[in-house]
Amino acid sequence: MIMEITFYGHSCFEINTGEHRILFDPFISHNEKASAIDVNKLKPDFVFLSHGHEDHVADAVKICKNSGAKAVSTFEVISWLGNQGVENTHPMNHGGSWEFDFGKVKLVNAVHSSSFPDGSYAGNPAGFVFTLKNGDSFYYAGDTALTYDMKLIGEEFELNFAFLPIGDNFTMNLKDAVKSAEMVGVNKFIGMHYDTFPYIEIDQEESKRFAKEKGKELVLMQIGETIKI
Ligand code: NI
Ligand code: MN
């Protein structure tokens with residue numbers, strides 16, 4: 001099966017499996033680079049949130065309420081959504097898996113921090129490993145440093161591709177992302193968390209060239225672009 005992936009800027013992607021639309025880390029209305037995207041038009045079936053930082057949850061409440069999507073995240077992030085009136089939710093925590101309508105998700109470690117936009121405690125940051133009903137599998141790393149825990153993902157899953165942060169400063173950089181791709185066992189990865197702010201600007205062509213030289217395909221999408229994978 002081929003799935004469609006649409007990029008909404010920063011770390012926000014929507015996957016369309018053909019039956020379900022799964023949105024990750026919506027940060028759109030406060031992202032100047034994503035000003036062409038209308039948040040009100042997003043109608044996902046599921047919203048996955050990796051952690052509580054504003055650049056990952058800013059539009060989550062609005063999108064969940066508009067769409068009725070089921071929000072999935074750590075216990076703390078789900079409690080925060082609940083306090084804002086989001087009712088269709090599913091809390092998880094690190095190491096746990098759950099079978100959803102589209103397939104199975106395991107919530108995995110991310111080495112980062114996590115607090116809500118008001119500074120309150122947001123639990124620990126996370127990544128997700130998806131295994132769709134047809135067997136296709138991918139890793140959404142969230143915000144993370146390179147960590148040897150990624151080897152465990154490579155040992156447990158046969159991934160088709162991964163979403164990895166590459167912007168440096170707040171997360172791993174491209175060099176570490178290439179190492180991460182090796183550890184989780186993918187040849188192709190979609191870059192995220194770059195070029196949104198001055199701290200995380202990259203040279204896109206040089207980045208693609210570097211990844212290729214290391215035997216990896218780095219996919220950098222345009223905001224609003226949809227690809228088939
Ligand atoms: Ni963060
Ligand atoms: Mn971030």
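Heavy atoms only: backbone and side chains are in, while hydrogens, waters and symmetry mates are out. When a ligand or atom number is given, it counts from 1 through the structure's own listing order.
When distances from the Mn ion (ligand 2) to the N, O or S atoms of D55 are compared, OD2 comes out shortest. When the N, O or S atoms of D143 are ranked by distance to the Mn ion (ligand 2), OD2 comes first. The N, O or S atom of H56 with the smallest distance to the Mn ion (ligand 2) is NE2. Checked against the Mn ion (ligand 2), the N, O or S atom of H193 at the shortest distance is NE2. Within H112, NE2 is the N, O or S atom that lies nearest to the Ni ion (ligand 1). H53 contributes ND1 as its N, O or S atom closest to the Ni ion (ligand 1).
For Y199 and F197, the gap between ring centers reaches or exceeds 6.0 Å.
With hydrogens and angles left out, the side-chain atoms of H193 and D55 include a donor and acceptor closer than 3.5 Å. S50 and D25 share a donor-acceptor pair across their side chains, judged by distance under 3.5 Å alone.
Ring orientation note: the planes of F130 and F128 are nearly perpendicular, at an angle over 60° on the 30°/60° scale. Using a 30° and 60° split on the angle between ring planes, F13 and F163 fall in the tilted class, from 30° to 60°.
Between R209 and E213, at least one side-chain nitrogen of the basic residue sits less than 4.0 Å from a carboxylate oxygen of the acidic one, meeting the salt-bridge criterion.
Using a cut-off of 2.8 Å, one finds that D143 contributes an N/O/S atom close to the Ni ion (ligand 1). Among the atoms of H56, none of the N, O or S atoms falls under 2.8 Å from the Ni ion (ligand 1).
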